[in-house]
**Student:** 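I'd like to ask you about the structure that follows.
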Amino acid sequence: MERRGRALECREERNRASRALQEHLDAHRAELLRSLAVAAEEGEQAVPMPGLLTMPCDGTPAIVYVTAYFPILGCPIAVGGFGLSKLGPFYSDGIKWSFQRAEQLHVIWSLTESVSYLTSTSPGISFSLPFEGSQLSVVPAKAGTYSFTAHFTKGGSEEPRIVVASM
């Protein structure tokens, strides 16, 4: 009998915790929707678009602007954004590049004040040390998916990717 009572208490505790978590998530969802509405009214891109930023295929060095979005006001969790312009549009998943010749892509990563630095998590990709808000990297002309990590100034990080394909 005592075992059943304890099992019932555990189930009720789990249900209370589940309800509390759902209330917490609902509150954050509402805050996110308010943030998105304010940003839309101000003409800002509130969060990066899902997907990969398409890099030019002409073989010239590229500048990629890297920023962090904090989609929930007051929440330290950031989402990275990658764009070819300071004004965007920004994409959340990283970059994609299709090469025509067996030449590497040279990238200048322009980091906003919300991004500390980038590091490689895949063989074949390396980043220079950050210097005055920029880092350099070379993307090999070898088809594959390469991971890297964006480290944010307010803490936390994200692992976007570089997708390389031949044309």
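In what follows, residues are counted from 1 in the order of the sequence shown.
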**Student:** With a 4.5 Å limit on heavy-atom distance, are the side chains of Asp93 and Arg161 in contact?
**Tutor:**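 When only atoms from C-beta onward are counted, Arg161 and Asp93 do touch, with a gap below 4.5 Å.
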**Student:** If I take atom CG from residue Leu118 and atom OG1 from residue Thr149, how far apart are they, to the nearest 0.5 angstrom?
**Tutor:**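 The distance works out to 9.0 Å.
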**Student:** To check you understand the geometry: which heavy-atom pair defines the closest contact between Pro160 and Ala150, and what is its length?
**Tutor:**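 That would be CD-N, 4.2 Å.
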**Student:** Any side-chain heavy-atom pair from Lys142 and Val164 closer than 4.5 angstrom?
**Tutor:**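 No, side chains not in contact.
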**Student:** Answer yes or no: are there more than 12 heavy-atom neighbours, outside Phe127 itself, under 6.0 Å from its atom CZ?
**Tutor:**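 Buried by this count: over 12 neighbours within 6.0 Å.
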**Student:** Are Ile63 and Leu52 in one and the same hydrophobic cluster, where Ile, Leu, Val, Met, Phe, Trp and Tyr link if side-chain heavy atoms are under 4.5 Å apart?
**Tutor:**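 No, Ile63 does not connect to Leu52 through the hydrophobic network.
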**Student:** If you round to the nearest 0.5 Å, how far is CD of Gln135 from OG of Ser116?
**Tutor:**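 Spacing of OG (Ser116) from CD (Gln135) equals 9.5 Å.
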**Student:** Which heavy atom in Trp97 sits nearest to a heavy atom in Glu103, and how many Å separate them?
**Tutor:**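 Of all heavy-atom pairs spanning Trp97 and Glu103, the closest is CH2-O, 3.2 Å.
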**Student:** Would you check if Val115 and Tyr117 make a side-chain contact, meaning some heavy-atom pair closer than 4.5 Å?
**Tutor:**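 Not in contact.
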**Student:** Could you walk me through whether Glu159 and Thr121 pass side-chain contact (heavy atoms from CB on, under 4.5 Å), step by step?
**Tutor:** CA-CA 8 Å; Glu159 289 204 13; Thr121 55; 4.0 Å; yes
**Student:** Would you find a donor on one side and an acceptor on the other, under 3.5 Å apart, between the side chain of Gln104 and the backbone of Ala141?
**Tutor:**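 Checking the backbone N and O of Ala141 against the side chain of Gln104, no donor-acceptor pair under 3.5 Å is found.
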**Student:** Show the nearest heavy-atom pair for residues Pro50 and Tyr91, with the distance to one decimal.
**Tutor:**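 Residues Pro50 and Tyr91, closest heavy atoms: O-CD2, 4.0 Å.
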**Student:** Looking at every heavy atom in both Pro48 and Gly81, which two are closest together, and how far apart are they?
**Tutor:**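 Answer, listing the atom of Pro48 first, then Gly81: CB-CA, 4.1 Å.
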**Student:** Backbone N or O of His151 within a donor-acceptor pair of the Ser157 side chain at under 3.5 Å?
**Tutor:**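 Absent.
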**Student:** Could you tell me whether the side chain of Ser120 and the main chain of Ile125 form a donor-acceptor pair under 3.5 Å?
**Tutor:**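 Indeed, once roles are kept as given, a pair shorter than 3.5 Å links the two residues.
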**Student:** Measure across Ser137 and Ser126 and return the closest heavy-atom pair with its distance rounded to 0.1 Å.
**Tutor:**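 Between these two residues, the closest heavy atoms are CB-O, 3.2 Å.
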**Student:** Is the shortest side-chain heavy-atom distance between Val66 and Phe82 below 4.5 Å?
**Tutor:**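 In short, these two side chains touch, coming nearer than 4.5 Å.
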**Student:** Do Ser134 and Trp109 meet the criterion of a side-chain donor-acceptor pair at a distance under 3.5 Å?
**Tutor:**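 Note: Ser134 and Trp109 side chains miss the donor-acceptor criterion.
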**Student:** Is there a donor-acceptor pair under 3.5 Å between the side chain of Ser122 and the backbone N or O of Ser147?
**Tutor:**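 Checking the backbone N and O of Ser147 against the side chain of Ser122, a donor-acceptor pair under 3.5 Å is found.
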**Student:** Is Met49 linked to Ile162 within one hydrophobic cluster, defined over Ile, Leu, Val, Met, Phe, Trp and Tyr using a side-chain heavy-atom separation of less than 4.5 Å?
**Tutor:**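 Met49 and Ile162: one cluster.
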**Student:** Answer yes or no: is there a side-chain heavy-atom contact under 4.5 Å between Met55 and Val64?
**Tutor:**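 Contact flag for Met55/Val64 side chains = yes.
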**Student:** Do Leu84 and Ile95 share a hydrophobic cluster, counting only Ile, Leu, Val, Met, Phe, Trp and Tyr and linking them when any side-chain heavy atoms are less than 4.5 Å apart?
**Tutor:**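 Leu84 and Ile95: one cluster.
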**Student:** Could you tell me the separation between the OH atom of Tyr65 and the OG atom of Ser110, rounded to the nearest 0.5 Å?
**Tutor:**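 The OH atom of Tyr65 sits 5.5 Å away from the OG atom of Ser110.
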**Student:** How long is the straight-line distance from NZ of Lys96 back to OG1 of Thr54, given to the nearest 0.5 Å?
**Tutor:**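 Between Thr54 OG1 and Lys96 NZ, I get 4.0 Å after rounding to 0.5 Å.
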**Student:** For the pair Thr153 (side chain) and Glu113 (backbone), establish whether a donor and an acceptor sit closer than 3.5 Å, ignoring hydrogens and angles.
**Tutor:**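 Checked: pair present.
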**Student:** Same cluster or not: Tyr146 versus Val138, using hydrophobic residues (I, L, V, M, F, W, Y) connected whenever any side-chain heavy atoms lie under 4.5 Å apart?
**Tutor:**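 No, Tyr146 does not connect to Val138 through the hydrophobic network.
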**Student:** Look up atom CZ in Phe90 and atom OG1 in Thr67, then write down how far apart they are to the nearest 0.5 Å.
**Tutor:**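 Phe90 atom CZ to Thr67 atom OG1 measures 6.0 Å (nearest 0.5 Å).
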